[in-house]
Structure formats: structure tokens, C-alpha cells
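For reference, the structure is listed below as C-alpha cells.
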Protein chains: 2
Amino acid sequence: MKLEKIKVIVVDDHPLVIEGLRSSLGADSTIDVMNCFENASDLFAFLKRSTVNVVILDVNLPDMNGVEICERITKKYPHVKIVGLSTYNDPSIIKQMVKNGAKGYLLKNVTSKELATAIHQIHRGQSYFSGEIQKILADSIFDNNEIPKLTRREKEVLSLVAEGITTPKIAEKLIISPLTVETHRRNLIQKMGVSNAAQLVKMAIEQRLI
Amino acid sequence: MKLEKIKVIVVDDHPLVIEGLRSSLGADSTIDVMNCFENASDLFAFLKRSTVNVVILDVNLPDMNGVEICERITKKYPHVKIVGLSTYNDPSIIKQMVKNGAKGYLLKNVTSKELATAIHQIHRGQSYFSGEIQKILADSIFDNNEIPKLTRREKEVLSLVAEGITTPKIAEKLIISPLTVETHRRNLIQKMGVSNAAQLVKMAIEQRLI
DNA sequence: TCTAAAATACCTGTAAACTAGTAGAAAACT
DNA sequence: AGTTTTCTACTAGTTTACAGGTATTTTAGA
């Protein structure tokens, strides 16, 4: 029986990282780095016409965020395994990635050896999370910070609030009553489980909602 | 005359980036990647006993921040040229790096070719900033956002404000009068040139003051 | 030691934010 | 077509934030 290589593609907007992955994963005879992309649309164009086993996915791409990409890949190509790769160890992002089908998540401070291990393990159907990530996921079980779903309008209001614009001026901008803005603001504070605008801004920035 | 290679060292806490730089810069016959480090202390240990032309310096290292490293290198080894390399295009960080002696600054989305060009140019005594960075530096001339100096107490209050704690509770925590907290808060808002707490929080996060 | 800077505290007034409840109209979903 | 969600808007009362001063006591630098 002929050994099939694991077909891997890399999506990262840093050419330097791509080159690093190419040279180090290329050394592994069981892994075939088919192609590398710097944005999401190129990735999807490729997925349309090729079979792929594992996608190594940077969470921060210019044209689409990692969570959305995960969701779309999982929906359209459920056989494709996703490994998140990012500088950020933000629990909410990691959890969202996992919820949307990522089978693994690594920080960029991993060695290429560990990455290769992860690819193999995930390709076998298991999951893989680096030590630090495991700890984060474990911790976040206790404080079950469900990411609340915000409506379109609420997101709009949130970003304006986060810019420090006051209620009456937000109302002016959105051409609605200040009272309505107040309501949205109130609902946001309630949904996000905070108690004032300052915390709301912090939250929004942390969860990259703005 | 024998051609001397440019002696370069790379400091980055991401092994993947290091491998990428190694493989791509290694291909350039005029550049000698002497060594790579993942933290600042290893870097300084090496500088003590070796002559180096150019340091490629990631701004985010585990043990020391980029600005501090720049300052120290410039002071102790003024002949060593520094090229900042980072994911962040935060104007205040870039400006601080330049102020502290960085001769170039690139975002991690550069190609290795551009990086090589930068190394050569900087080694010749010129400076090099990638297009995006040039734009940022140019923009920041107009809005001369001098980073205001905050006092110790102000920083304390700022981080508490940023956590969304209200004035009376901050007062309780710091065991001072709420009126004093109000004064600090007001001074902060004035110093940072913003108009409310929400903007203050945003600012503080952006400038990594908390 | 003198002095400038920082931290502390207070007053007054206005504006905005937060709390709590209600409720009709418009979209979206089934 | 019917139900649910979202967006909209209102009343009314409380709390906190913001702006403009002023002033005393520490702390730290020259």
C-alpha cells in the first residue's frame, strides 16, 4: 500500500510565517503543503476545486475573520480539518473557533515539530490543543462566558458607544430617538453582563466586536 | 577586496517566523543570519561577546518590550542597527521605537525580499520603512499625539476606570475621597485629549497603558 | 532646604448615563 | 399566516459623569 501524504494548506497573511511553515513542514515526508494563501477568498477558490485534508488557519486575515471562515469551511467541506493558528490567546476567540469546527488551536510560539504532531493527530480524527490553550479552555469551562448574540442594530450602537460618542449624538447619527439608543445601550449592557459603558467598551475590544 | 556579509541576528518569540527568516534570508548571499533568539536576555548575552550589524527585532517579546530593548541596544551598542518587525501598526509604538533608535520598521506581512532590501539599505546607513508604516508616520506628524505623561496615581485610576469601576468604588478601593478620584479622572480625560470615560478606555487599551 | 509637582479634597451646576417598566410597529422566521 | 424577534419610542426617577474653578497637604527633585 502506497502511503498517502497528508494534504495541507496554509492560510496566513504573513509571508514570513508561510515561508517558515513551508520550509519546516516540507521537511516532513508525510506532509504535503499543497498551497499557501494570504486571504480567505483565495482559500475558498482553491477549496472549490481541490481535495484537502487539513487547513492551517491564521485567525486574523485581511478579508474575513477566523470564526467566519471556520463556519463556512465546516458547512461546505465538513471533511476538511481546521487547525487555528494565531498570536492571540483570547479565550472567547478560541472557543468560538472550536464551536465552529476547529479541531485544533495553536499559538504562533509553537515549534514546527509540535505543529507537525498536531497535523498528524488531527488527521487521525483526534483534536489537538497546545498546552497553554488547553489551560485556557479548561479555565473557561468554569466561567461559562457564553458569547451573547447581538443584533445588527445593537452592534451598530456598540461601535459608536465604543468610540465614546454620547447617546444624543448616536441618536442623531442613526436618525433615531435618543430614547431608542438608550434602550439599545441598556440591552447591550445587560447582554454583555457588564454594568456601564466603560466596561462595555473594554469587552467589545477584547472580543473584537468592533 | 573580500565582500563582508552583513551580520544579522533575529529576535522573535515565534519559532515559525524565525524559521521563515532563516530560510529566506539564508538564500541571500550577502546576508549572514548569525543567530536567532526568542527573548531579550539571550539577545543581550550574545551582543556582549559578538559584533553584529543588524538586529531584526520583534516588538513583542516575553521578557521585555521592544521600546526598552531598542533603548538599551542604542545606548550600549550604538553601531548596531535595529529593524523593528511586528504585527502591530500602532503609531505610538512605532514612533517610540524610532525615537529609541530603530532605523527601520516593517510589518510582518512583508515579503522576505522586502526585508532583505530593508536590511541592505539600513546597513548602508539609511532608514527603511514599509509603505504602510511611512503613511502612518506621515499621518502622525499632523495630529501630533505626544504621549502624555501620566503620574503613578493617574495610571492606577486609569486602570480602574478601564475596568468599568465607578468613581465612588474606585475611591473606596484606593481609600481616598471620591472627589479626588473625580479630579484624577478629569485630569486623565484632559491629558489624553478625550471627552469621556468610554474614549479613555479605548485610548488606554490602544496605547497599551493598562 | 527650598520649590515645583503631585496627590489630595471641596463646591456648583449641567449633562449624560443608568434603572425599571411598558408597548406599538416592523422584520424575520416558520 | 401566524409567531417571535427586533427595532422603535415613551415615562419617570436616581445616580454618576463632566466642566470649571479653588485650595491644602505631601512627595520628590534641584
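Chain letters run A, B, ... following the sequence lines, proteins first and then strands; every chain starts at 1.
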Candidate list A:Val194, A:Thr151, A:Val157, test side chain to side chain contact (heavy atoms under 4.5 Å, CB included), partner A:Leu188, passing option: A:Val157
Whole-Å gap separating C1' (C:dC18) and CG (B:Asn196): 15 Å
Sugar-phosphate only, base, or nothing, as touched by A:Glu182 at under 4.0 Å among non-hydrogen atoms: base
Separation of atom CD1 in B:Ile165 from atom P in D:dT16, rounded to whole Å: 14 Å
Whole angstrom value for the distance that separates P of D:dT6 from NZ of A:Lys155: 11 Å
d(CD, A:Glu172; P, C:dA15) in whole Å: 15 Å
Any side-chain donor near an acceptor of the partner, A:Gln134 and A:Ser130, under 3.5 Å: no
Separation of atom CG in A:Leu188 from atom C1' in C:dA17, rounded to whole Å: 14 Å
Under 4.0 Å protein heavy-atom contacts per nucleotide of nucleotides 3-9 of chain C, with B for base, S for backbone only and - for none: ---SSBB
Between C:dC18 (P) and A:Gln190 (CD): distance, integer Å: 13 Å
Interatomic distance where CZ belongs to A:Arg185 and C1' belongs to D:dA17 [whole Å]: 12 Å
A:Asn60 vs A:Asn65 side-chain heavy atoms within contact, under 4.5 Å: no
Test side chain to side chain donor-acceptor pair (under 3.5 Å) applied to B:Arg185 - qualifying residues, sequence neighbours left out: B:Thr167
Residue pairs passing the salt bridge (Lys or Arg N to Asp or Glu O under 4.0 Å) test where at least one lies in residues 41-69 of chain B, sequence neighbours excluded: B:Asp58-B:Lys108
Working for salt bridge (Lys or Arg N to Asp or Glu O under 4.0 Å), residues A:Glu19 and A:Arg22: CA-CA 5 Å; A:Glu19 281 184 79; A:Arg22 265 232 163 86; over 6 Å; no
